Q: 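Mind looking over this structure? Questions follow.
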Amino acid sequence: MAARVVGRTGRLAAVVRSSAVRLQSRLHGSTGLRSGSQANFFPPLEDAMLPSGSFNNRMALITGGGTGLGRAMTATLSQLGAQCIIASRKLDVLQRTAEEISSQTGNKVHAVQCDVRDPQAVSQCVDQIEALTGLPDVIINNAAGNFVCPSERLSPNAWKTITDIVLNGTAFVTLELGKRLIQNQKGASFLAITTIYAESGSGFVVPSASAKAGVEALYKSLAAEWGRYGHRFNIIQPGPIRTKGAFSRLDPTGAFEKAMIDRIPTGRLGTPAEIANLAAYVSSNYASWMSGAVIRFDGGEYVSLAGEFNELRSVTPDQWKLLEAMIRKTKGS
Ligand SMILES: CC/C=C\C/C=C\C/C=C\C/C=C\C=C\C(=O)SCCNC(=O)CCNC(=O)[C@H](O)C(C)(C)COP(=O)(O)OP(=O)(O)OC[C@H]1O[C@@H](n2cnc3c(N)ncnc32)[C@H](O)[C@@H]1OP(=O)(O)O
Ligand SMILES: NC(=O)C1=CN([C@@H]2O[C@H](COP(=O)(O)OP(=O)(O)OC[C@H]3O[C@@H](n4cnc5c(N)ncnc54)[C@H](OP(=O)(O)O)[C@@H]3O)[C@@H](O)[C@H]2O)C=CC1
């Protein structure tokens with residue numbers, strides 16, 4: 001009897017081990033067991049979700065709006081009728097994006113140079129915005145900097161650079177606009193783009209994790225404090241969405257993309273258009289009762305990473321039969 005149990009346990013250990021090996025090989029990029037097919041259940045819809053004209057007569061500022069997700073948000077808001085201002089360091093990039101989007105939507109997109117790390121530059125940028133369009137109704141703090149790096153290799157300036165862009169930059173833009181909006185008795189929707197690891201923390205991107213957590217504290221705090229001035233503050237935490245800016249700094253060789261997709265329950269990366277639709281909704285009057293919200297938008301990646309038993313997804317039905325039989329046999333503790 002004991003020998004039979006030992007024999008069965010040995011076989012079970014072997015099958016579970018071979019599952020673990022398959023799991024490891026998936027993590028390191030050989031054949032995938034489940035990516036691809038399940039993504040067919042979750043096709044991204046790329047067209048603008050809100051009714052056309054939802055942002056007519058509204059002004060929107062999008063920091064980092066020249067590239068990546070900020071560009072997609074600008075395109076969607078512009079398509080829905082907003083007059084947009086995009087602001088970041090590279091004026092040539094901003095101008096190119098502004099012209100491309102304006103020519104497609106027929107709505108003006110303004111390009112304003114601004115390094116959000118510099119409070120004086122932010123103040124001058126807001127002067128320019130006031131002169132161009134008046135104070136905005138929608139503010140999207142999307143600009144960021146990041147790179148993967150073991151924390152023991154970070155210089156003080158590397159830490160400062162990322163936390164200055166992400167936390168101080170968001171604070172400077174938010175406070176400068178907030179004060180002027182309050183003075184003018186004008187309400188606005190503020191949205192910050194953070195990340196799923198703002199909540200959990202993450203090794204190898206520690207300045208970004210720390211700064212994004214700070215941004216979330218800032219926005220939740222102001223949601224409570226500045227509702228009385230007509231301001232809403234919300235946060236979107238995107239999961240992985242392919243952009244040159246993010247992927248070139250976080251997965252420069254492309255070695256980790258497959259592992260990332262394998263752990264996302266919806267089996268695919270997000271798309272810029274999907275996040276743009278969510279950002280447009282949160283910034284629109286359809287969401288006028290939404291403030292202080294933290295919206296995770298990640299295809300399920302966060303819960304997939306968090307659940308202790310989630311790797312059991314790789315156990316096959318036959319292996320489950322064996323496991324269940326073993327568990328049912330157990331009597332007492
Ligand atoms: C397992 C994971 C697998 C895959 C991940 C793939 C996809 C993404 C999934 C999820 C993403 C989640 C969150 C994403 C958050 C983001 O924010 S992504 C957006 C990224 N976009 C950008 O970063 C754009 C802007 N970035 C920049 O301009 C630069 O990269 C910058 C370095 C941030 C700033 O440029 P700047 O010119 O101002 O700075 P430098 O003078 O070049 O550098 C300042 C100091 O930093 C040190 N530094 C720079 N790069 C590195 C590096 N790679 N490693 C270590 N240190 C670095 C530099 O040396 C300076 O320090 P000093 O030498 O002491 O002076
Ligand atoms: N893509 C992804 O998978 C994820 C992205 N995110 C977040 O989404 C947002 C957009 O990222 P993404 O589009 O992927 O990457 P990008 O690199 O394309 O966007 C970052 C933008 O920030 C601007 N920026 C950087 N530094 C400054 C600065 N000092 N002052 C003003 N603007 C600055 C850049 O413009 P310029 O160089 O002209 O200054 C750029 O347009 C970020 O907040 C990022 O943290 C979060 C989770 C996942």
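Source: prediction; values computed, not measured. Scope of the values below: all heavy atoms of this structure, side chains included, with no hydrogens, waters or symmetry mates. In this chain, residues are counted from 1 in sequence order. Order of appearance sets the numbers: ligands from 1, and atoms from 1 within every ligand.
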Q: Does the protein put a heavy atom less than 4.0 Å from atom 28 (O) of ligand 1?
A: yes
Q: Among all protein heavy atoms in this structure, tell me which lies nearest to atom 17 (O) of ligand 2, with the distance rounded to 0.1 Å.
A: G245 CA, 3.2 Å
Q: Taking CD in E308 as the centre, count heavy atoms belonging to other residues, nucleotides or ligands within less than 6.0 Å. Is the count above 12?
A: no
Q: Could you identify the single nearest non-hydrogen protein atom to atom 61 (O) of ligand 1 and state the distance to 0.1 Å?
A: S155 OG, 3.3 Å
Q: Do me a favour and list the nearest non-hydrogen protein atom to atom 48 (C) of ligand 2 with residue, atom name and distance?
A: G239 O, 3.4 Å
Q: Got the closest protein heavy atom to atom 13 (O) of ligand 2, with its distance?
A: L69 N, 2.8 Å
Q: Looking only at protein heavy atoms, which one is nearest to atom 40 (C) of ligand 2, and what is the separation?
A: T67 OG1, 3.3 Å
Q: Is T194 touching ligand 2 with its side chain, its backbone, both, or neither, if touching means heavy atoms under 4.0 Å apart?
A: backbone
Q: For atom 40 (P) of ligand 1, is the nearest protein heavy atom closer than 4.0 Å?
A: no
Q: Give the single entry among V215, V122, I241 that approaches atom 2 (C) of ligand 2 most closely by any heavy atom.
A: I241
Q: Any protein heavy-atom neighbour for atom 59 (O) of ligand 1 (distance below 4.0 angstrom)?
A: no
Q: I need the nearest protein heavy-atom contact for atom 14 (O) of ligand 2: residue, atom name and distance, please.
A: T243 OG1, 2.6 Å
Q: In the protein, which heavy atom is nearest to atom 42 (C) of ligand 2, and how far is it?
A: N142 O, 3.1 Å
Q: Which is closest to atom 25 (C) of ligand 2 in terms of heavy atoms, G145, A144, A192?
A: A144
Q: What residue and atom, counting heavy atoms only, is the protein's closest point to atom 23 (O) of ligand 1, and at what distance?
A: N146 N, 3.0 Å
Q: Evaluate the 4.0 Å heavy atom contact test for atom 16 (C) of ligand 1: does a protein atom fall under the cut-off?
A: yes
Q: Considering only non-hydrogen protein atoms, determine which one is nearest to atom 37 (O) of ligand 1 and report residue, atom name and distance to 0.1 Å.
A: R89 NH1, 4.4 Å
